[in-house]
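The block underneath contains the structure these notes are about, expressed in structure tokens.
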Amino acid sequence: MKKVKKALLPAAGLGTRFLPVTKSVPKEMLPIVAKPILLHLAEELVSAGIEELILVVPPKGKESLLDFFSSPSADLSDALEASQRQDLLDSLEKVQASLKIRSVIQEKPMGLGHAVLTGKSAIGDEPFAVILGDELSFAPAGTTPILKNLIEVYQETSLSTVAVMSVPSSEVNKYGIIQPQDENANPMRVLSVIEKPSIEKAPSRWALPGRYVFSSEIFEHLQNTDAGVGGEIQLSDAMSLLAETQGLMALKNRCLRYDAGDKLGYIKANIEYGLRDPELGPKLKEYLSSLKL
Ligand code: UTP
């Protein structure tokens, strides 16, 4: 069985929910406290044992993503050495030491499915992870990071495995929703996936929060998928084909998940990561409780 060593991070979307900032700053570079979302995601990949990260980027405008992983300037290194604050770059250096990072270009934002297909030659004939560039996952103490869990299920079953979370029925139209064979099981076998269904058409309330492990067969199905909802090549449609042929599993997410591509989700993530920060947390808590709302 081949090990899951590579991850694709689609980051070629337009980020319209975060305009005007995303006109010149990629949303993956927006900070959660002082780390860009991209570094939080890269740390999650390292904790799951991933060795190579492939960023899917547009032809222009996201050069800062790869650039972020390059060495600091001589001036910055000298200043950090003089002030004995080299620790400020520790988290970045740990990732640099563990992950090989490169990018592939998606010429046009033709949907998440198309973004994944763009990574085909970089992935080759291997299983791989997909992690969305605007979804954060936090594993509370005693919980295994969801991506690590997905890789374990893949290794036990040899089947592509995706994370799912339960959402209220009023929100099923915002997500890809799975049709499980038996929703009491965990992992559950997936029968089909529907992109952004209406409440009436939703086969369950199990939604996809943006963490996947696929065998390379997903590429064949993406190639055979026509543009679906919104004229985009939907990953959900290819996942349905995968479920019908090779098989697809879904694992219930027990980690905390933040939609950092949405304004409210982004602010919540900053508050909660800030509260968890040993230096900042107590002061932020005091400030929040002093607010007269
Ligand atoms: P979203 O649709 O949530 O993000 O895609 P978006 O298009 O960037 O943002 P909004 O909705 O306009 O605010 C989910 C992820 O898939 C990537 C996005 O970058 C995002 O991380 N994506 C989407 C691509 O890489 N290529 C695409 O063609 C579409």
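Looking at Trp206 and Gln179, their side chains never come closer than 4.5 Å, going by heavy atoms from C-beta outward. Side-chain contact between Pro31 and Pro36: absent, with no pair of heavy atoms (C-beta onward) separated by less than 4.5 Å. Using a 4.5 Å heavy-atom cutoff, the side chains of Arg189 and Leu248 are not in contact. Considering only heavy atoms from C-beta on, Leu256 comes within 4.5 Å of Pro140 through its side chain. At a threshold of 4.5 Å between non-hydrogen side-chain atoms, the residues Val46 and Leu99 count as touching. Counting heavy atoms from C-beta on, the side chains of Asp259 and Arg17 come closer than 4.5 Å. No side-chain heavy atom of Gln234 sits less than 4.5 Å from a side-chain heavy atom of Val193. Within the 4.5 Å cutoff, the side chain of Ser192 has no heavy atoms near those of the Ile178 side chain.
The shortest non-hydrogen separation linking Pro59 to Gln106 is CD-O, 3.4 Å. Taking each heavy atom of Pro282 and Pro278 in turn, the nearest pair found is CD-O, 3.4 Å. When all heavy atoms of Ala115 and Pro10 are compared, the closest pair comes out as CB-CB, 4.0 Å. Closest approach of Thr144 and Ala139 over heavy atoms only: C-CB, 4.2 Å. Residues Lys62 and Pro26 share a closest heavy-atom pair of CD-CB, 3.7 Å. For the residue pair Leu242 and His221, the shortest heavy atom distance occurs at CD1-CD2, 3.6 Å.
Atoms CG and CD1, from Leu55 and Ile105 in turn, are 11.5 Å apart once rounded to the nearest 0.5 Å. Note that the CG atom of Leu132 and the CG atom of Leu9 stand 8.0 Å from one another [nearest 0.5 Å]. Taking CG of Leu41 as the reference point, atom NZ of Lys35 lies at 11.0 Å (rounded to 0.5 Å). Taking CG of Asp277 as the start and CG of Asn270 as the end, the distance is 11.0 Å to the nearest 0.5 Å. A distance of 6.0 Å separates CG of Leu222 from CG of Leu235, quoted to the nearest 0.5 Å. For the atom pair OG of Ser98 and CG of Leu53, the computed distance is 12.0 Å after rounding to the nearest 0.5 Å.
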Derivation of the side chain to side chain contact (heavy atoms under 4.5 Å, CB included) call for Arg257 and Glu135 | CA-CA 7 Å; Arg257 172 258 178 197; Glu135 302 267 350; 2.7 Å; yes
Under the side chain to side chain contact (heavy atoms under 4.5 Å, CB included) rule, what do Met188 and Val164 come out as? Steps first, then yes or no, please.
-> CA-CA 10 Å; Met188 323 178 242; Val164 286; 3.6 Å; yes
Hey, mind stepping through Glu44 and Lys148 against salt bridge (charged side-chain N to carboxylate O under 4.0 Å, His left out) and telling me if it holds?
-> CA-CA 9 Å; Glu44 185 185 342; Lys148 192 161 189 248; over 6 Å; no
Could you walk me through whether Asp262 and Lys27 pass the salt bridge (charged side-chain N to carboxylate O under 4.0 Å, His left out) check?
-> CA-CA 10 Å; Asp262 164 80; Lys27 66 179 167 182; over 6 Å; no
Gln155 and Lys3: CA distance, side-chain angles, deciding distance, side chain to side chain contact (heavy atoms under 4.5 Å, CB included) verdict = CA-CA 8 Å; Gln155 264 144 11; Lys3 261 187 81 185; 4.1 Å; yes
Arg211 and Asn253: CA distance, side-chain angles, deciding distance, side chain to side chain contact (heavy atoms under 4.5 Å, CB included) verdict | CA-CA 9 Å; Arg211 295 292 183 274; Asn253 178 37; over 6 Å; no
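Taking the six-membered ring where the residue is Trp, the centroids of Tyr212 and Tyr154 are separated by 6.0 Å or more. Ring centroids of Tyr258 and Tyr273 are separated by less than 6.0 Å, placing the two rings close together.
In this structure, Lys94 has no salt bridge (Lys or Arg N to Asp or Glu O under 4.0 Å) partners at least two apart in sequence or on a different chain. Shown here are the salt bridge (Lys or Arg N to Asp or Glu O under 4.0 Å) partners of Asp87, two or more places apart in sequence or in another chain: Arg85. Under the ring-ring contact (aromatic ring centres under 6.0 Å, His included) criterion, His114 pairs with no residue, sequence neighbours left out. Residues satisfying the salt bridge (Lys or Arg N to Asp or Glu O under 4.0 Å) test with Lys6, not counting sequence neighbours, are Glu126. Residues satisfying the side-chain contact (heavy atoms from CB on, under 4.5 Å) criterion with Leu284, sequence neighbours excluded, are Leu275, Tyr287, Leu288. Lys263 meets the salt bridge (Lys or Arg N to Asp or Glu O under 4.0 Å) test with no other residue; sequence neighbours excluded.
A distance-only check finds no donor-acceptor pair linking the side chain of Ser64 to the backbone of Asp67 [under 3.5 Å]. The main-chain N or O of Gly61 is found under 3.5 Å from a side-chain atom of Glu63 such that the two form a donor-acceptor pair. Here the side chain of Thr22 pairs a donor or acceptor atom with the backbone of Gly15 at under 3.5 angstrom. Panel note: side chain Ser73, backbone Leu76; a donor-acceptor pair is recorded below 3.5 Å. Using a distance-only test at 3.5 Å, with no hydrogens or angles considered, a donor-acceptor pair links the side chain of Asn186 to the main chain of Lys252.
Note on Leu65 and Val25: same hydrophobic cluster, where clusters join Ile, Leu, Val, Met, Phe, Trp and Tyr whose side-chain heavy atoms are under 4.5 Å apart, directly or indirectly. Linking ILVMFWY residues whenever their side-chain heavy atoms come closer than 4.5 Å, directly or via other members, leaves Ile194 and Leu208 in distinct clusters. There is a path of hydrophobic side-chain contacts, each under 4.5 Å, that joins Ile37 to Val21.
Within the structure, ring-ring contact (aromatic ring centres under 6.0 Å, His included) pairs that include any residue of residues 71-109 do not occur (at least two apart or interchain). Among pairs with a residue in residues 6-37, those fulfilling ring-ring contact (aromatic ring centres under 6.0 Å, His included) read Phe18-Tyr266, at least two apart in sequence or across chains. Within the structure, ring-ring contact (aromatic ring centres under 6.0 Å, His included) pairs that include any residue of residues 59-91 do not occur (at least two apart or interchain).
Taking Ile, Leu, Val, Met, Phe, Trp and Tyr as members and joining any whose side-chain heavy atoms lie under 4.5 Å apart, directly or through other members, Leu241 forms no hydrophobic cluster with any other residue. Clustering of Ile, Leu, Val, Met, Phe, Trp and Tyr by side-chain heavy atoms under 4.5 Å joins Met249 with Leu159. The other members of the hydrophobic cluster of Ile177, by chain and number, are Met165, Val167, Val172, Tyr175, Ile199 (side-chain heavy atoms under 4.5 Å, ILVMFWY only).
The side-chain contact (heavy atoms from CB on, under 4.5 Å) test with Phe128 singles out one residue from Val213, Ile50, Ile218, Ile54, and that residue is Ile218.
Counting non-hydrogen atoms of other residues, nucleotides and ligands closer than 6.0 Å to CZ of Arg254 gives a total of 12 or fewer. Within a 6.0 Å sphere centred on NZ of Lys120, heavy atoms belonging to other residues, nucleotides or ligands number 12 at most.
Note on Glu272 versus Arg276: salt bridge recorded, some NZ/NE/NH1/NH2 to OD/OE distance being below 4.0 Å.
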